[in-house]
**Student:** 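Got a structure for you, questions after.
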Amino acid sequence: MNYTKETDKKWQNYWAKEKVFNVDTKDSSKPKYYCLVMFPYPSSELHVGHARNYVIGDAVVRYKITQGYNVLSPMGWDAFGLPAENQAIKHNVYPQEWTFNNIKRIKEQLNSWGIGYDWAREVTTCLPDYYTWTQWIFLQLYKKGFAYRKEAFVNWCPSCKTVLANEQVITASCERCSTKVEQKKLKQWFFKITEYAERLLSDLETLDDWPQRVKTMQQNWIGKSWGVEIHFPLENITSTINCFTTRPDTIFGATFLALNWEHPCVCGLIKDSPNRGEIEAFIEKVKNQPMSASLLDNFEKEGIFTHKYAINPMTKRRIPIWIANYILTEYGTGAIMCVPAHDRRDFEFATKYGLPIIEVIGIKQSKTSRHRLKEAYEGEGVLVNSAEFSGLESQEAKEKIAEHMETHNIGRRGFNYKLRDWLISRQRYWGAPIPIVYCDSCGQVPVAEENLPVLLPEVKEFLPTGQSPLTYIEEFIQTKCPKCGKAAQRETDTMDTFVDSSWYYLRYISPHEKKFPFISADVNTWLPVDQYIGGVEHAILHLMYSRFINKFLFDCNLVNFTEPFRRLFTQGMIVKDGAKMSKSKGNVVAPDYIIEKYGADTMRLYILFMGPPQKDAEWQDEGLQGAWRFIQRALRLADTLKTHKGGVDTREPNASERALIKKIHSTIKEVTSDLEGNFQFNTAISRVMELVNQAYKSLGSGFVRKEILRETVDAIFVLLAPFTPHISEEVNQMLGSKASLLKRRWPQWNEEYLKEEEVEIAVLVNGKVKDRIQINVNWPKEEIEKKALELEKVKKALGKNSPAKVIYIEKRIVNIVL
RNA sequence: GCCGAGGUGGCGGAAUUGGCAUACGCGUCGGUCUCAAAAACCGAUGAGGGCAACUUCAUGCGGGUUCAACUCCCGCCCUCGGCACCA
């Protein structure tokens, strides 16, 4: 049988014509299964690395269909945003043009690989029928106070000329272009994701079918820590400064306080300070030198004494208050208690400015080493110099001291999170406009829901300048205040692309709905998503934002589930020459020539066979050859049927046939369990390869009647169908089946055929294999052991020794111990 | 520094959860076919030693538990990801 690209086309046309992947969401005759693959940015055409994602998804979809599920497999385009816009700029075309050309191209690619989608549900985030609802969701957040504008230090990418969310800064660089980000103080729009920190964290525990690594990354990102907020009274002033600490056990070693210059107390403290001028100069200096990870390596800790004192509430001693440049405003209270003996940052600072260092953890050499410590000891230990708490272990002391503080009103137990609010405004053209209007008399006013969408105007100039390009479009800016009707101006920033993608999985259920973003009743029956598939690069970004938006919609009673994705699979990257595929490196493997030369199934098979799908894998053209050879070998086996003599044969199956029948059933069983497990496509495929090998072996070693051979060929291609759907359909048709494989059911194995009477087991002497014997599993243990001991090779190995012990493990081994 | 994942032939990777290590594929070597080559097919293939029957050593390193360890325990080393002045 010839496998050509016409075979691919034939079946792709058939699936499209028969609408086999189109789903009636109202159909309740079958259990639902929502399989979602992360939709692509149409910023360039796809390469084999991208293909892995869709091929995995398609294998799951086809498998689940044959298991009798009503499978929803939608696809769409994450079409707004930096990637497409940057590419458009580079190629000197409009973003819309660039985006829609790519959508067309990628769609062709996906179709040419035989990936099955319900295209009737296609969503495109840059079209008004979609972004109307993105804006609508913004308004719901705004109404509830979850969307707000504030001035803050934000991450600024000097190359993309826009602000970025914390999540989009990857080790101090822009997620898109890798330029080092800067800190800028700007008035920007935020979503209050911090309000959901606790739920985002604790609900991770309900996500049993998410990879641990993704959950851990989110956990770390949310960064919850237990501690005590301690109130430090000020000397001579009836006020306190609150400091959060995770180490209340070190309170007796707190020898000074350090404040960020923005701390609300700073103004009052320095008012009558003798060195006020100096302090103000210091503040001016550090104001323009915000902390950022890019500066970390050569960041010099600096500070200035305010000449004011606070009281350590436990030691009752007065401790100096400093203003320092290493205190974060966004975390805790913007003020910290400093324990130089047990915190390396405080140690560095105290050493520089000659502040007292008092050891309170650990017992060794406390007298001699004071002031002469080489470094801070940050671990836990036994408390010293800590009044009645001395002698306690850190763990216990934390609790006891916290309790003491609460009863004496010096502090309160609580938690802090590293998670920051999500910065969603962008000074870029290619995004959904933020539906807000500024009015001279009414201030900031949301656009009325019935006036959505705020259309993104077509523009001539969209190059990033640091100001949103919309700033220059008078017709866009000038509007009427939704409240008072007077002249007003529109917000010109657009929304982060991640807002668009944080709810698209809901839109697929009601893609053409005109009055609502989605129909809640339908969404509630189809979600959560049963299987989500995508790259691990979204472990924090998209997957955290979506969880947040979903929880918000839950709180609005728009959905009745708190987590959008029940099961998550993150596939590994395909690398070439040890590096991620990229145009700049010139190591991109384009799928087109593969499809042309070997057909879609060869590419699909190789991609799935190359290794465990969750791990990175190195692309090798030789591997592709192997997949091709296997397909040819399997097709040749199918061809032997044509010349094989048939007829009724009532004889008992011979040894060759029995081996083959058994192999068919064990293969069905193993492939099924590989697919049911963690998508072990690589081993599933290797098992089908073994079945093909067994078929040739049986044909070579004895007569195999046509019926059994036919059954073998059928099993091979049915089992391969999720991976190589085109040739599987072709063979299925050749075998006389009228219906598509997608209408057939996944094969069942029969345990009867797997029962073994005769097995070969190994005989070991002192743990080393000496020989093998055929045994009957029904033989008593004694008989098997006796037979093992009678073996020549065993006798030889035993020599004059007699066995001390004989161990028989059913159907596996006999071990003879001397 | 902290957290997570991993380390098995020349290579990608298997191993029923403690029971015959290296399945399956790639590569390499040998053979068949051919005027020849390619393709295809068949066979061999962890490393060392031995004419041989055999034998020794091998799952990052070092210990331990066990009749038996890639698998479990203790202590290290290395690689890759994530976070990183978060008090």
Side-chain angles (χ1 to χ4, degrees), chain A residues 170-172 211-221 223-225 227 243-247 250 254 258 291-293 295-296 299 301 324-328 330-333 335-339 342-346 348-349 378 416-420 536-537 539-540 572-573 605-606 609-612 614-627 629-630 632-633 636 666 669-670 673 680 682-690 692-693 696 700 760-772 793 796 803-818:
Chain A
I170 311 297
T171 47
Q212 188 52 49
R213 113 180 119 145
V214 173
K215 290 195 278 187
T216 309
M217 280 163 77
Q218 292 210 2
Q219 250 166 39
N220 292 342
W221 189 259
K224 180 183 187 177
S225 31
C243 300
F244 177 78
T245 180
T246 54
R247 295 294 302 271
T250 64
M291 285 190 334
S292 96
L295 301 168
L296 246 183
F299 187 82
K301 286 187 182 45
N325 67 346
Y326 71 100
I327 314 303
L328 299 163
E330 308 258 341
Y331 184 82
T333 61
I336 60 163
M337 70 172 210
C338 299
V339 185
H342 304 293
D343 182 287
R344 64 183 184 286
R345 297 152 302 178
D346 299 344
E348 190 188 324
F349 193 81
E378 298 189 312
N416 249 310
Y417 302 87
K418 290 187 200 173
L419 184 70
R420 302 290 150 75
V536 75
E537 66 273 16
I540 297 173
M573 237 179 358
L605 190 74
Y606 173 55
F609 182 64
M610 65 196 299
Q614 69 276 15
K615 280 177 68 180
D616 289 354
E618 169 83 25
W619 180 273
Q620 276 164 338
D621 281 339
E622 293 81 12
L624 199 62
Q625 293 273 357
R629 262 202 294 269
F630 166 69
Q632 296 306 316
R633 186 169 147 84
R636 225 177 298 121
S666 67
K669 183 177 181 176
E670 285 163 347
S673 96
Q680 297 159 67
N682 55 331
T683 51
I685 292 165
S686 76
R687 295 185 203 286
V688 183
M689 288 170 166
E690 284 184 59
V692 172
N693 290 347
Y696 277 107
E760 190 186 68
I761 64 166
V763 180
L764 292 68
V765 175
N766 271 350
K768 300 219 160 143
V769 183
K770 291 293 168 193
D771 206 353
R772 287 159 226 280
K793 286 178 182 173
K796 204 178 146 201
K805 209 172 171 188
V806 180
I807 295 154
Y808 169 59
I809 304 295
E810 218 184 324
K811 297 185 199 171
R812 301 238 192 284
I813 53 133
V814 176
N815 191 10
I816 298 156
V817 187
L818 294 184

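What's counted below: heavy atoms across the whole structure, side chains too, no hydrogens, waters or symmetry copies.
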**Student:** From the options B/C83, B/C67, B/A87, select the nucleotide whose nearest atom is closest to the side chain of A/Tyr326.
**Tutor:** B/A87
**Student:** Under a 3.5 Å limit for both distances, which nucleotide forms a Watson-Crick or G-U wobble pair with B/A52, could you say?
**Tutor:** none
**Student:** Considering Watson-Crick and G-U wobble pairs with both distances under 3.5 Å, what does B/G27 pair with?
**Tutor:** B/U45
**Student:** Partner of B/G1 by Watson-Crick or G-U wobble geometry, both contacts under 3.5 Å, or none?
**Tutor:** B/C83
**Student:** Strictly by Watson-Crick or wobble contacts shorter than 3.5 Å, is anything paired with B/G6, and which nucleotide is it?
**Tutor:** B/C78
**Student:** Test A/Leu764 against every option in A/Ile807, A/Asn815, A/Ile816 by the side chain to side chain contact (heavy atoms under 4.5 Å, CB included) rule and name the one that passes.
**Tutor:** A/Asn815
**Student:** Does B/A14 pair with anything, Watson-Crick or G-U wobble, both distances under 3.5 Å, and if so, with which nucleotide?
**Tutor:** none
**Student:** Measure from the side chain of A/Ile336, starting at C-beta and using heavy atoms only, and say which of B/C67, B/A87, B/C83 lies closest.
**Tutor:** B/A87
**Student:** When you measure from the side-chain N and O atoms of A/Asn682 to the phosphate of B/A14, is any distance below 4.0 Å, counting only OP1 and OP2?
**Tutor:** yes
**Student:** From C-beta outward on A/Trp221, which listed nucleotide comes closest to its side chain: B/G25, B/A84, B/A23?
**Tutor:** B/A84
**Student:** By nearest atom, which of the nucleotides B/A87, B/C24, B/G4 is closest to the A/Phe609 side chain?
**Tutor:** B/C24
**Student:** Give a yes/no on whether any side-chain N or O of A/Thr683 is located under 4.0 angstrom from OP1 or OP2 of B/C24.
**Tutor:** no
**Student:** Below 4.0 angstrom from OP1 or OP2 of B/G27, is there any side-chain N or O of A/Arg629?
**Tutor:** yes
**Student:** Partner lookup for B/C35, please. Criteria are Watson-Crick or G-U wobble with both distances under 3.5 angstrom; report none if nothing qualifies.
**Tutor:** none
**Student:** Work out which heavy atom in A/Lys770 is nearest to a heavy atom in A/Val765; give both atom names and the distance.
**Tutor:** CG-CG2, 3.7 Å
**Student:** Between B/C57 and A/Lys768, is there an OP1 or OP2 to side-chain N/O distance shorter than 4.0 Å?
**Tutor:** yes
**Student:** Quick check: on RNA chain B, is the nucleotide nearest A/Asn220 upstream (toward 5') of the one nearest A/Val769, or the reverse? Name the residue that is more 5'.
**Tutor:** A/Asn220
**Student:** Does NZ or CZ of A/Lys301 lie under 6.0 Å from the centre of the six-membered ring of A/Tyr326, at an angle within 45° of the ring axis?
**Tutor:** yes
**Student:** So, OP1 or OP2 of B/C41: does either fall under 4.0 Å of a side-chain N or O from A/Arg636?
**Tutor:** yes
**Student:** Regarding A/Arg633, tell me which of base, sugar-phosphate or nothing describes its non-hydrogen contacts under 4.0 Å with the strands shown.
**Tutor:** sugar-phosphate
**Student:** Looking only at side-chain N and O atoms, does A/Tyr331 come under 4.0 Å of OP1 or OP2 in B/A87?
**Tutor:** yes
**Student:** Check this one for me: any side-chain N or O of A/Asn693 less than 4.0 Å away from OP1 or OP2 of B/G25?
**Tutor:** yes
